[in-house]
Amino acid sequence: MKALHALAFLAAGAALALALAAADAASPPDPPPLPELLSGTGLFVPGSVERVQADVIEFSPQYPLWSDATEKRRWLRLPPGAFVDASDPDAWVFPPGTRLWKQFALGGRRLETRLIERLADGSWRYATYVWDADGRDARLAPATGAAALTVAGRDAPYPIPSETDCRACHEGAPVPVLGFSALQLSPDRDPLAPHAGPAVPEADLRALVARGVVRNLPPSLLESPPRIAARSPVERAALGYLHGNCGQCHSRPDAAGAGVPVDVRLAQSVVDPASARQVLDSLVRAPSRFRPHGTDAARVVQPGHPDASVLALRMRSRDPRTQMPPLGSTLTDAEGLALIERWIAHDLPRNESLTP
C-alpha cells in the first residue's frame, strides 16, 4: 500500500512539473533590456542620429499636446508585415513590437526623446532618452527620471519625466498611443489648431490605409474624414485642443476603467455622433467641484464669462495644486488659453441649445 501511495505521489509531482513547464512555455519571455543609447533603438540608420530608418513613419497630429513651447517630431515603426487594426476607430490596436518616439527640442537643441513600445504580452513600456549636450546621441534615463536640464533662454530647468509620469498621461486613455489616431491624422485638418506642425501627407489617414499600415477602418471614415462637430471654426479648434491636451484623462463615458473620477468628458469619438454634444454637456454650465477664491458655486464653463469659468482658470494657473493639465507643463499655453477664452466669450450661446 505504501508503494502505491509513493507511486501516486510521484505521478502527481510529475504532472505538476509538466503543467508548470507548459505554463512557462506559453508565457512570453521577458523583454530584452532597452539599449542604453537612442541610436540603438531602431529609429535611426546605423551610424547616424539624423537619418531615420526607411520603415519608420513620421507623423503629425493636428491637435498636439502643449509641452512648454518645445519643438516636437514623432515617429512610428511597426514590425515587418504588421499593421494597426482600426476595427474600433476610437481605439486602434497596435501589434506587439510597435515602437513610437517623440523628440523634444528647444531652439534647435534636442533635449529628450521618449519611447513607448508594445511588448509581446500586450503591455507597454515607457522610456526617456536624454540627449548629450553635443547632440551626438541620447542616453537612457533611469525609470525614476533624471536631473532637470538647464536650457539657455529658459528661466526654469527643463524636467525629465519618470516612467510613472509617462504612465499617468498615456494610460488614462483607452489606448496609450495618443497622437496616432483617426481624428489626429484626419486629412480634414483644422486650420485653427494651436501649435500644429505641417501635415505629413504620407502619414494621413487615407495614405496610411492605402499603404496597408492601418487596416479595417470603416470606409465611411475615408469617404468623409473625421472632423469635430461644432457650430463655428473657433469651437471646432477649442474642442480639438481640449481633446488633444485633456482627453487622454477626461475620456469618453464608455471608456471603462479609464480617465479620472470627474464628470468632464473631453475626448472626441469619430464614430459616435453624440460625442461633441456629450463634451459640451459636461462643460457648459456644469457645476465644478473646484471652488476658486472660496466661492460657493462655480461652473466649468460659463458662457460669455471666461474669468468665471473654472476651465480657463485652471488652464491659466501653474500652481501645482490647481493647474490643468497637472503634468508635463510648467508654462501657461498663452495661445491655447486665448483660444478657449475666445470660445467661451464669443462662440457659446448663452441661452440657446448647445447642439452643434
Report, one line per pair, each donor and acceptor closer than 3.5 Å where one atom sits in a side chain of residues 218-225; sequence neighbours left out.
none

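In this model, no donor atom of one side chain and acceptor atom of the other lie less than 3.5 Å apart for Ser317 and Asp319. A donor-acceptor contact closer than 3.5 angstrom links the side chains of Asp121 and Ser123. Between the side chains of Arg154 and Thr330, a donor-acceptor pair is found at a separation under 3.5 Å. Donor-acceptor pairing under 3.5 Å is recorded for the side chains of Ser162 and Asp165.
For the side-chain contact (heavy atoms from CB on, under 4.5 Å) test with Leu242, the passing option among Leu339, Leu283, Val279 is Leu283; the others fail.
Among residues at least two apart or in separate chains, salt bridge (charged side-chain N to carboxylate O under 4.0 Å, His left out) pairs with a member in residues 328-343 are Arg316-Glu341. Pairs engaging residues 58-95 under the ring-ring contact (aromatic ring centres under 6.0 Å, His included) rule: Phe59-Phe180, Trp66-His195, Trp92-Phe180 [sequence neighbours left out].
Other residues, nucleotides and ligands contribute over 12 non-hydrogen atoms within 6.0 Å of the CZ atom of Arg109. Around atom CZ of Arg51, no more than 12 heavy atoms belonging to other residues, nucleotides or ligands sit under 6.0 Å away.
Shown here are the salt bridge (charged side-chain N to carboxylate O under 4.0 Å, His left out) partners of Asp188, two or more places apart in sequence or in another chain: Arg227, Arg236. Taking the side-chain contact (heavy atoms from CB on, under 4.5 Å) definition, one finds that Thr113 meets it with Leu38, Trp101, Gln103, Trp131, sequence neighbours left out. Remark: Tyr126 engages His170 in a ring-ring contact (aromatic ring centres under 6.0 Å, His included) (not counting sequence neighbours).
For the pair Leu266/His243, no side-chain contact is recorded, criterion being any heavy-atom separation below 4.5 Å from C-beta on.
Of the possible donor and acceptor atoms, none in the side chain of Arg167 sits under 3.5 Å from a partner among the backbone N and O of Glu171. Judged by distance alone, the side chain of Asp55 and the main-chain N or O of Leu78 form no donor-acceptor pair under 3.5 Å. Counting only distance, with no hydrogens or angles, the side chain of Gln53 and the backbone of Phe44 share a donor-acceptor pair below 3.5 Å.
Residues Glu58 and Arg73 are paired through a salt bridge, judged by an N-O separation under 4.0 Å between the basic side chain and the carboxylate.
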